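Below: one structure, written as structure tokens.
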Amino acid sequence: MNMKIAFVGKGGSGKTTLSSLFIRHLAATGAPVIAVDADINQHLGAALGLDEEQAAGLPAMGGRLPLIKDYLRGTNPRIASAEKMIKTTPPGDGSRLLRVCEDNPVYEACARAVELDGGAVRLMVTGQFTEADLGVACYHSKTGAVELLLNHLVDGRDEYAVVDMTAGSDSFASGMFTRFDMTFLVAEPTRKGVSVYRQYKEYAHDFGVDLLVVGNKVQGQDDIDFLREQVGDDLLVTVGHSDWVRSMEKGRPPRFELLEESNHLALKKLQAAADSAYDRRDWERYTRQMVHFHLKNAQSWGNERTGVDLAAQVDPDFVLREHAPATA
């Protein structure tokens, strides 16, 4: 199957740990994977086994935004220059599309191969966030690089793009939460743990987004009952204490095959749930939602920022599809 998958949840829920386990699981099956760290706190590289120096040396997508924009706009006549693109600019005739299994200037500049048990994945990161970034254009340009990537990514069969998302309202405002075939919300069995679920559920329902809950740090049946009571049938699996994860967090991960069998089974359920969304993939709706949020952002701030009418960037005849033609 070809899937764009998001992991979301409040800080400290274990979202990054679970997304890294899922990435390791996919790599062990031999599936091509692009892993993207879009969280404010950049920890996915470390969770995938990189040391501090290696993680710090990863190229930041946010710092290469002009290159990303210039490559993606290609020969699209509706986009006059990279400077006139914003994070929601949709592809059109002449735009360059990205594929999981290819080499291109965006991957060359922004992606690095990370070796895992049984395979390697491409890892991309938004870049380190600082206090000065929060709430300003610099911060939004970092997450905006991920949105442009997703808007132009045509993932083929048996390929996966897994994004460790930041919690909060930014993905709602931009529309990035609609860019995924499946969203896994990691929730602890507490009132705070399920509060993010309620927020996401409301938006997900309005836009037809598939959302399932992964209960984490579950210690017994009472925790499972609480989560079931709060989220109902959206609870897909629960995960408890893991000695393997504890070793990984100390920087000494055992071979992935030694992960507890119950957690291997949970990861297989996650993959099966994601794969099942393939039959519901609707490229027309996906493109329509891209356009919806682009027009919304254009009107609220984009037109003023760029000095042009960004609605003119929309190609009414273009639909992003699995077999969309590539532009050289």
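Keep in mind that what you see is a predicted model, and the values were worked out from it rather than measured. Atoms considered below: every heavy atom in the structure, side chains included; atoms not considered: hydrogens, waters and symmetry mates.
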Interatomic spacing from [atom1] in [X] to [atom2] in [Y] - rounded to 0.5 Å:
X	Y	atom1	atom2	answer
Y107	R112	OH	CZ	13.5 Å
I23	I5	CD1	CD1	9.5 Å
L48	T16	CG	OG1	9.5 Å
L236	L212	CG	CG	5.0 Å

Without hydrogens or angle criteria, can the side chains of [X] and [Y] be said to hold a donor-acceptor pair below 3.5 Å?
X	Y	answer
D275	Y160	yes
Y197	D234	yes
Q42	T126	yes

[X] [atom1]: over 12 foreign heavy atoms closer than 6.0 Å:
X	atom1	answer
E304	CD	no
E102	CD	yes
E108	CD	no

Give a yes or no on whether the backbone of [Y] and the side-chain of [X] come within a donor-acceptor separation of less than 3.5 Å.
X	Y	answer
Q54	D51	yes
R285	G208	yes
N263	L259	no
H294	M290	no
Q313	K84	yes

Exercise. Are the aromatic ring centres of H25 and F256 under 6.0 angstrom apart?
Worked result: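 No, the ring of H25 stays outside the 6.0 Å limit from the ring of F256, centre to centre.
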
Problem set entry | Sole residue of N216, T166, D164 in side-chain hydrogen bond (donor to acceptor under 3.5 Å, both in side chains) with K15 |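 Filter result, single survivor: D164.
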
For this session: Look at the aromatic rings of F207 and F177 and report parallel, tilted or perpendicular, splitting at 30° and 60°.
Result: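 Ring orientation, 0 to 90° scale: perpendicular.
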
